[in-house]
Each structure stands twice: as C-alpha cells, then as structure tokens.
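Written out below as structure tokens is the structure these notes cover.
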Amino acid sequence: MEIITDIHSLRSRLKSEHYVVFVPTMGNLHEGHLSLIRIAKQKSGCLVASIFVNRLQFGQNEDFDKYPRTLVDDLKLLENYGANIVFVPTEKDIYPVQQEFIIEPLPLANILEGEFRPGFFRGVTTLVLKLFNIVRPQLVLFGKKDYQQLCIMREMVHQLNLSIEIGEGETVRASDGLALSSRNRFLNNEERIEAAHLFKVLSEIKEAIESGEQNFRKLQDIAKETLNNRGWDIDYISVRKIHTLEIAKCHDQKLVVLGAAKLGTTRLIDNLEITVRK
Ligand code: PAF
C-alpha cells in the first residue's frame with residue numbers, strides 16, 4: 001500500500017490508472033468504513049482511500065480538535081483490507097489559501113442535519129469536490145449511515161455533470177443495533193447501553209409503517225416522547241421520501257425515517273429505509 005501525502009505525487013501516480021475506486025474518510029476507521037473498502041475491493045480497479053479531517057465541515061460549536069485522530073491504526077486497517085493507495089493530505093495541501101469558492105448545496109442541505117448543523121454540507125461538498133478533482137475517480141463509495149450526505153453527493157454529481165458513479169454501503173451496526181460511528185467512543189458505559197434506543201424507536205416506526213400505519217406524525221411524536229423520557233435531547237425524528245428527503249405523504253411507498261438526538265454530550269444520527277407494499 002502506498003501512502004501519498006501531496007497532490008502532485010498522487011496525480012502523477014494515478015495517471016496510468018484506468019479505473020479508480022475512491023473511499024473518502026476522516027479516519028478513525030471502524031467496520032462501517034471497512035465495509036465500504038470491502039465493496040471497493042470487489043471492483044477491479046485501483047482502490048484509493050483518503051484520510052482528512054475537514055475543518056470546513058465543523059461548526060463553531062463543534063469540536064474539530066476533539067475529532068479522534070488514529071492515523072497509525074487506520075493505515076494498518078487499510079493495508080490489511082487491501083487499499084492500494086491512501087491519500088493523507090495536510091490542511092495546507094487542501095486549503096493553501098482561505099477557501100473562498102464554496103459549493104453552495106441545494107435546499108436539501110438546509111433541512112434535517114443542515115438545520116441543526118448550518119454550513120455542514122457546504123463544508124462537505126466543497127471538500128469532496130476538491131477530492132474528486134484531485135483523485136478523479138470513476139466510482140466513489142459513501143455509507144448509508146450518513147443518508148443525507150449520500151443523497152447530496154448523488155445530486156451534486158448529477159447537477160455538476162461529473163462523470164462519477166456514486167455507490168453506497170449499508171449501515172453497519174453493533175449487535176444491539178447501534179449504528180457504528182466515530183462518535184460512539186465518546187459515550188460512557190451507561191450511555192453506550194442507552195444509545196441503542198435510537199435504532200429501537202426508528203425500527204418501531206419502520207415496522208408500524210410497513211404494517212399499514214399512515215399517521216407518520218403520530219409515530220414521530222411517540223418516538224420523540226419515548227426518547228425524551230429516557231433523557232435524550234432530540235433534534236429530529238422524521239419520515240421522508242427517499243432521495244429527495246421531502247416530507248413523506250401517506251401514499252409514498254419508498255420512505256426513510258431519519259433521526260438525530262443527543263445523549264449527554266454525544267450527538268448520534270441514524271436512519272432506516274422503509275418500503276410500503278400496497
Ligand atoms: O463522511 C465523512 O466521513 C465525511 O463527511 C467525508 C465525506 C469524508 C468528507 O469529509
């Protein structure tokens with residue numbers, strides 16, 4: 001596995017590659033990332049992963065410095081899982097001057113996560129477009145755990161005419177259902193046990209809708225009340241149409257329920273897709 005830290009070397013190294021599969025990450029890799037690496041490995045091409053903690057997507061109250069940096073372990077994992085190249089740029093490489101040209105994403109970026117993390121998706125799309133321009137991949141993989149991010153990436157590639165295919169990986173969960181996330185390490189023992197309840201309430205909404213319940217608002221309210229009573233601080237629990245993430249109507253058949261809530265100081269997000277059979 002080659003570790004490349006500057007843009008120029010990466011570009012010259014990739015010149016001879018015909019098919020590049022790319023997995024962008026912020027490091028602190030867990031089974032969720034590794035499942036994307038596994039999917040990427042099944043494609044015959046050059047597998048490039050990147051590790052870069054992107055300051056631009058952190059809000060003022062979000063702790064960029066606290067984000068876990070575990071480069072040595074990450075590199076070992078990527079080597080074991082067969083990555084060909086890991087791109088580990090410095091902040092100076094990616095943002096040599098103040099970033100004044102910004103990808104201003106769609107209205108989709110201002111709802112749900114965007115409402116509670118203003119500027120977050122702008123930071124993600126601006127960085128990811130830069131990475132696309134540097135790596136020039138044919139296929140890029142994102143996890144469904146960050147469902148809204150995945151939808152925005154698909155729409156960015158479409159609206160900016162990038163000839164890149166966006167692939168997806170299923171959310172990887174612990175045995176109690178908790179979606180794997182770098183943030184889980186901030187949960188204390190008690191919170192870690194409680195954390196599975198976000199998945200539980202989303203599962204209950206999914207089951208109810210798949211069994212014919214059409215009153216989404218009632219289901220959302222019950223879920224919020226349940227979590228509230230258990231000490232969570234909820235940002236949203238919302239049933240949406242897949243892809244566009246518009247508010248779901250009762251005749252829609254392909255839905256997703258998304259949730260974000262804080263347990264202590266740790267903010268967790270999760271989602272489940274729902275298929276209504278008529
Ligand atoms: O999903 C992430 O880890 C990040 O948002 C990404 C896509 C690597 C951009 O920094």
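Start at 1 and go down the list; that is how both ligands and their atoms are numbered.
- Side chains of Glu62 and Tyr67: a donor-acceptor N/O pair is absent below 3.5 angstrom, by distance only.
- Applying the side-chain hydrogen bond (donor to acceptor under 3.5 Å, both in side chains) test to every pair with at least one member in residues 122-132, sequence neighbours left out, gives these pairs: Gln99-Lys130, Glu104-Arg122.
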Quick one: ligand 1 N/O to protein N/O pairs below 3.5 Å?
residue	atom	partner	partner atom	Å
ligand 1	1 (O)	Gln149	NE2	2.8
ligand 1	5 (O)	Gln57	NE2	3.0
ligand 1	5 (O)	Gln149	OE1	2.8
ligand 1	10 (O)	Gln57	OE1	2.7

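- Tested against Phe22, the residues Val128, Leu131, Leu47 include a single side chain to side chain contact (heavy atoms under 4.5 Å, CB included) partner, Leu131.
- The existence of a salt bridge linking Asp270 and Lys145 is excluded, since no basic side-chain nitrogen approaches an acidic carboxylate oxygen closer than 4.0 Å.
- Salt bridge absent: Lys92 and Asp6 never bring a charged side-chain N and a carboxylate O closer than 4.0 Å.
- Of the candidates Arg267, Lys262, Arg117, Arg267 is the only one forming a salt bridge (Lys or Arg N to Asp or Glu O under 4.0 Å) with Asp235.
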